[in-house]
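I have placed the structure first, in the form of structure tokens, so that the comments after it can refer back to it.
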Amino acid sequence: MADIKTILRELSVILGYILSKYKLTFTEKLIDVKTYLDFIRKYCKNVNECNSEIRKIEELENFIIHRDIIRNGLKLGKLLYEKLNLTGDIYWLGAKVKSKYQFDI
């Protein structure tokens, strides 16, 4: 099982991709844990299969100490959406592929 920073990196890229694909934004400077997970649960098809990883995020009170990880992930997710022009559903594969591949989405 991945550590909290790895999970946040992967999920933040997914969230950045989601926000770009569906042209969504949020007004808060730093997103709260519930809103962060709500967006991911709504648009990432298999996130419920990753309960142990999601529980680690739910245990956080806030993202203040992780804001740089989240900000960078959001930027990367946006770039992936803009540059790759992918279609289809979004799946998080981190728990399945572990360290076998460099990609988890």
#### Entry: Short side-chain to backbone donor-acceptor contact, Asn72 and Ile69, under 3.5 Å
no
### Query
So does Lys42 pair up with Asp38, basic N to acidic O under 4.0 Å?
no
### Query
Would Lys56 and Glu10 count as a salt bridge (Lys or Arg N to Asp or Glu O under 4.0 Å) if you check the C-alpha gap in whole Å, the side-chain angles of each, and the deciding distance to 0.1 Å?
CA-CA 13 Å; Lys56 284 186 176 183; Glu10 294 172 2; over 6 Å; no
### Message
Tell me whether Lys21 at atom NZ has more than 12 heavy atoms from other residues, nucleotides or ligands lying less than 6.0 Å away.
### Response
yes
### Task
Just do the side chain to side chain contact (heavy atoms under 4.5 Å, CB included) check on Glu59 and Val33 with the steps written out, would you?
CA-CA 9 Å; Glu59 292 172 1; Val33 175; over 6 Å; no
### Whether over 12 other heavy atoms sit under 6.0 Å from Arg41 CZ
yes
### Query
Is there a donor-acceptor pair under 3.5 Å between the side chain of Asn46 and the backbone N or O of Trp92?
yes
### Query
Does the distance from a Lys or Arg side-chain N to an Asp or Glu carboxylate O, for Arg9 and Glu53, drop under 4.0 Å?
no
### Query
Is there a side-chain contact between Tyr17 and Leu86, using heavy atoms and a 4.5 Å cut-off?
yes
### Task
Would you please test Tyr43 and Ile14 for side chain to side chain contact (heavy atoms under 4.5 Å, CB included) and show each step?
CA-CA 9 Å; Tyr43 295 100; Ile14 290 171; over 6 Å; no
### Message
Could you walk me through whether Ile65 and Phe63 satisfy the side chain to side chain contact (heavy atoms under 4.5 Å, CB included) test, starting with their C-alpha distance in whole Å, then the side-chain angles of each, then the deciding distance to 0.1 Å, before giving a yes or no?
### Response
CA-CA 6 Å; Ile65 64 169; Phe63 291 132; over 6 Å; no
### Task
For Glu61, look at atom CD and say whether over 12 heavy atoms of other residues, nucleotides or ligands are found less than 6.0 Å away.
no
### Message
Could you tell me if the side chain of Asn62 sits less than 4.5 Å from the side chain of Leu30, heavy atoms only?
### Response
no
